[in-house]
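Here's the structure, in structure tokens; my notes come after.
The model shown is predicted, which means the values in this text are computed figures rather than measured ones. Chain A is the first sequence line, chain B the second, and so forth, proteins listed ahead of strands; every chain is numbered from 1.
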Amino acid sequence: MLLVIRTHYNFRAVEARWRATWESSRCFCAVEDIDRPKYYVLEMFPYPSGRIHMGHVRNYTLGDVVARFRRAQGFNVLHPIGWDAFGLPAENAALERKIAPAQWTDSNITAMREQFRLMGLSLDWSREVTTCSPDYYRHEQKMFLDFLARGLAYRKESLVNWDPIEQTVLANEQVIDGLGWRSGATVEKRLLTQWFLRSTAYAEELLAGLETLDRWPEKIRVMQANWIGRSEGARARFAVAGRTDDSVEIFTTRPETLFGAAFCALAPHHPLSMALAETDPDLAVFLQDCNRTGTSEATLETTQTKSYRTHVTVRHPFVDTWELPLYIANFVVMDYGTGAVFGCPAHDQRDMNFAIMHSIPVKVVVVPFDTDPVIFTATLESSRRAFEGEGVLIHSDFLNGLDSVTARQTAITQLERTGHGCRHVQYRLRDWGVSRQRYWGCPIPVIHCPKCGIVPVSESDLPVQLPQDVDITGYGNPLERHPTWKNVSCPLCGGVAQRETDTLDTFFESSWYFLRYCAPHAAKGLDCTAVTYWMPVDQYIGGVEHAVLHLLYARFFVRALRDCGYLTIEEPFTGLFTQGMVCHVTYKCQDGNLLHPKDVIRSRDGVMVRIPDGAPVTVGRSEKMSKSRKNIVDTAHIIETYGADSARLFILSDSPPDRDLDWTDAGIDGAWRYINRVWRLGTRALTMQPVERLPYTMLGPSPAALVRQAHRTIATVTEDLEKLRVNTALARIRTLTNAMEKFADDQVGANWAYYFTLETVVRLLAPITPHLAEELWQEALGHTHLLAQFPWPTPDITLLVETTVVLAVQVNGKLRGTVDVPKGADTVTLEKAALAVPTVQTFIAGKRIRKVIVVPNRIVNLLVSSS
RNA sequence: GCCCGCUUGGCGAAACUGGUAAACGCAACGGACUUAAAAUCCGUUGGCCGAUCGGCCUUGCUGGUUCAAAUCCAGCAGCGGGCACCA
């Protein structure tokens, strides 16, 4: 059918048509094929909030560009999607709207699935996975049991944020300025027995593995390395004076400063602190006081150092007769190292501050190299600035005269020899607490039996399903309060027992969903053949906010699964791309209230005003789109007005994908205009005489130049897309379409050159604006098969070779002219050509040429001096 | 406090390994078409000076290396991100 020439592209009809064709042809469904190289591209799966936002559009469009590009390159592409469906918002919705979390989640998924479809993404919907489905979480319950059997899952007491009004545990994000987000009650710290995964067992491996991730952003690797936080040092034991059984074990990175020790301090939750409090009522009060401190960052920042001097003293590990005071201090954290420190005021600023507060004497044991110890000591004491650098040891018995690096090793050796300590590598990384006292999560499949203790649910009883009939009130844990669900008989003794009512952290589901996509309907959780074929993910794309938690948990989880025999890989994601945020300016009217972009319009004078009354509006800086800033642009509305291709094109234009992007109305208009320009280029092909393919050598000069430019564009766009530089790829394509618009002549082969160039543009645009490309491919170019299944173009490399180059000519380093020269010309020819440039001659006339620098194919620099 | 980034026209940006700074786009301005508007098309657009040809300056700031620096080095400033009583 001939295309009717119109000035406007009917995106509604075109997009709907090709979407339907792709879907019915199932051309995006992946099938394992060991004869073809695979490519696994994955965007971080969405939480089903109910609507897709611009961040999603950016994320999935980028992924789709990669998927379509790699598919065209001949890879067997896996590009799946699913839903990260457990989590707190569903419970909030249940509370606010009296709708069951499952129902709320389901209807959100239905709505979002439709919105994703409208974007024309080349997703394999046959592999859709929903994490709140028992078919999904039954497998992670099995994994949990395997972890438990291997000692990778365990229980221990841990501090949680406790809301005394809601009688519930709060996540850190739910604690705002030390208060519960809903109740406003002061949040307390409570010790609760919780489930943990032993992620610290993999600290070294997770750190070393970062070295192999050369297709990850450096920034993310640094963040993970810092998070894991490896420190080398020693543990040392200080015996408690007068109590033969008790000792205080500390960790230090500076064991060489032990002779400068002035005190020891314990965390309030240290077992010895608790033990001492039993016979010391003042200490008990102090410990209670410490528990009341909030956990938010703001609170931590303003928290004063609080400490308590106990009645006991501890003995120095190197000098048995030397006794040091023992403090309990709130700045010592229980879950790092041993929960105890020794204080060395002269060489640690925080210890110095502590010493000042408690009038503890300062003993200098390290002086900077080539410095007088007496003068230095005096200066340090008066300035009250600790010296934390390297230097020479003094007043330190067997360490005297050593440099601090050597002394560190000597001190450790001595600790080990005397049995008072040992070398130790400490990580900042903590074990992953996976317990949540929440309803909408995966139930932890264990049973608590008064006789048998913790009993795993037997495999045949999986999944442990969430009850449907829960009452979500906002108080306590709904599973705990459910009348019958938790009551079961013990699988071992058959006696009365209770289910675990904690559910798993939602990061648990996201730690293995990418494995499930490989065989989403398999009876086993992981199908070994499919996982071996598809994994690892070749290109993972998502927001930088997951740089540490999700990406680190997943890396740990895959290793834990490996050790349980599920798979053999180590790193789940060999390529990672972190996209920037989508931002928008904020609008504020004079009363200080924020206004939504749809309530604001540009007046005739060019200033922004409020829509109903024309009241002036101030434009604030561009910030990440969010409800609270009222700067969200509605995705559905944009797609409805401009079409998916325009939205995709805009979001990929201009800004490099890893940087933040400003959403502007002008920008989306510009994308829409460009789509129409390409459309018109397509319609122009229809008016041409039937096109006959001509060999390049028969083309006239101008058609030949266009064809050459098309080949060059193929080469550069391919290179750009390999590196996800979509903005520059688009700039190249635009340059080519600009040339097409200007191209008008009747030289030999003009029609062929135009047709070929149009075909090139269409093929290069296919990953970016797939509907438009498919339409032009079939309707304007006359192809009868799907472009979505057609190979990527390859440039004719013989046409990429330039015969001439523009030589820049500088005089004394300043550009004075250019000249066309044959490519590869020798230096003598280049120098001659350079000297002949008229604009150059005016600058060298009457001057002496001292030196000539010739860089073939690039530049000639003439150094002249007057006279 | 510690650790990372980043800084180029009015704006988003480009520039391979040090070799013609500002490609591509947005906005703006001028023009064509139109009764008019929109759409479209054609121009101009880093700054300063100069009638034109042209000249001088210009990649956060100050220095350095080099025939040549947005790019490399040192110091400083500003912005952003991560971690944070981590011993």
Please determine, by modelled atom types, if [X] and [Y] share a side-chain donor-acceptor pair under 3.5 angstrom.
| X | Y | result |
| --- | --- | --- |
| A/D662 | A/S622 | yes |
| A/Y674 | A/T737 | yes |
| A/H711 | A/Q709 | no |
| A/R677 | A/N738 | yes |
| A/Y587 | A/N631 | no |
| A/Q426 | A/S231 | no |
| A/S307 | A/H358 | yes |

* What class does the angle between the rings of A/F354 and A/Y327 fall in, given that below 30° is parallel, 30 to 60° is tilted and above 60° is perpendicular? -> perpendicular
Would you kindly give the [atom1]-to-[atom2] distance between [X] and [N], to the nearest whole Å?
| X | N | atom1 | atom2 | answer |
| --- | --- | --- | --- | --- |
| A/Q349 | B/C2 | CD | P | 12 Å |
| A/L652 | B/G25 | CG | C1' | 14 Å |
| A/L830 | B/C67 | CG | P | 20 Å |
| A/E218 | B/G82 | CD | C1' | 14 Å |
| A/E623 | B/C79 | CD | P | 16 Å |
| A/R221 | B/G82 | CZ | C1' | 16 Å |
| A/K624 | B/G80 | NZ | P | 17 Å |
| A/L210 | B/C4 | CG | C1' | 15 Å |

* To do: Could you tell me whether the side chain of A/C264 reaches within less than 4.5 Å of the side chain of A/V341, counting heavy atoms only?
  => no
* Going by heavy atoms in the side chains, are A/R423 and A/E232 under 4.5 Å from each other? -> no
* Could I get the full list of side-chain hydrogen bond (donor to acceptor under 3.5 Å, both in side chains) partners for A/R555, not counting sequence neighbours? => A/Q224, A/E571
Using atom [atom1] in both nucleotides, what's the gap between [N] and [M] to the nearest angstrom?
| N | M | atom1 | result |
| --- | --- | --- | --- |
| B/G46 | B/A21 | C1' | 10 Å |
| B/U58 | B/A70 | P | 10 Å |
| B/A38 | B/C61 | C1' | 48 Å |
| B/G81 | B/A37 | C1' | 48 Å |
| B/C41 | B/U7 | C1' | 38 Å |
| B/C33 | B/G43 | C1' | 15 Å |
| B/U66 | B/C83 | C1' | 40 Å |
| B/G64 | B/A13 | P | 32 Å |

Looking for any heavy atom pair under 4.0 Å, which part of the strands does [X] touch: base, sugar-phosphate only, or nothing?
| X | result |
| --- | --- |
| A/K814 | sugar-phosphate |
| A/S231 | sugar-phosphate |
| A/R816 | sugar-phosphate |
| A/R428 | base |
| A/N812 | nothing |
| A/V332 | base |
| A/F843 | sugar-phosphate |

* Asked: According to the Watson-Crick and G-U wobble definition with distances under 3.5 Å, which dot-bracket string, read 5' to 3', encodes RNA chain B, using [ ] for crossing pairs and | for pairs with another strand?
  -> (((((((..(((......[....))).(((((.......))))).((((....))))..(((((..]....))))))))))))....
* Assigned glycosidic conformation for B/G9 [threshold 90° from 0] -> syn
May I ask you to evaluate whether [X] reaches the phosphate of [N], defined as a side-chain N or O under 4.0 Å from OP1 or OP2?
| X | N | result |
| --- | --- | --- |
| A/Y674 | B/G25 | no |
| A/R677 | B/C24 | no |
| A/N353 | B/C85 | no |

Of all the choices, [options], which nucleotide is nearest to the side chain of [X] once you look at every atom?
| X | options | result |
| --- | --- | --- |
| A/K219 | B/C26, B/A87, B/C4 | B/C4 |
| A/N330 | B/C85, B/C4, B/C86 | B/C85 |
| A/L863 | B/C41, B/A87, B/C67 | B/C67 |
| A/A731 | B/G43, B/A23, B/C41 | B/A23 |

* Report, as a single string ordered 5' to 3', how protein heavy atoms within less than 4.0 Å touch nucleotides 6-21 of chain B: B base, S sugar-phosphate only, - not at all. => ------BSS-B--BB-
* Structure fact -> Nearest-nucleotide check on RNA chain B, A/R673 vs A/V222; residue mapping nearer the 5' end is A/V222
* Between A/R430 and A/A666, which is nearer to the 5' end of RNA chain B once each is assigned its nearest nucleotide? -> A/A666
* **salt bridge (charged side-chain N to carboxylate O under 4.0 Å, His left out) between A/E802 and A/K823, intermediate numbers included** => CA-CA 7 Å; A/E802 301 290 342; A/K823 192 169 181 186; over 6 Å; no
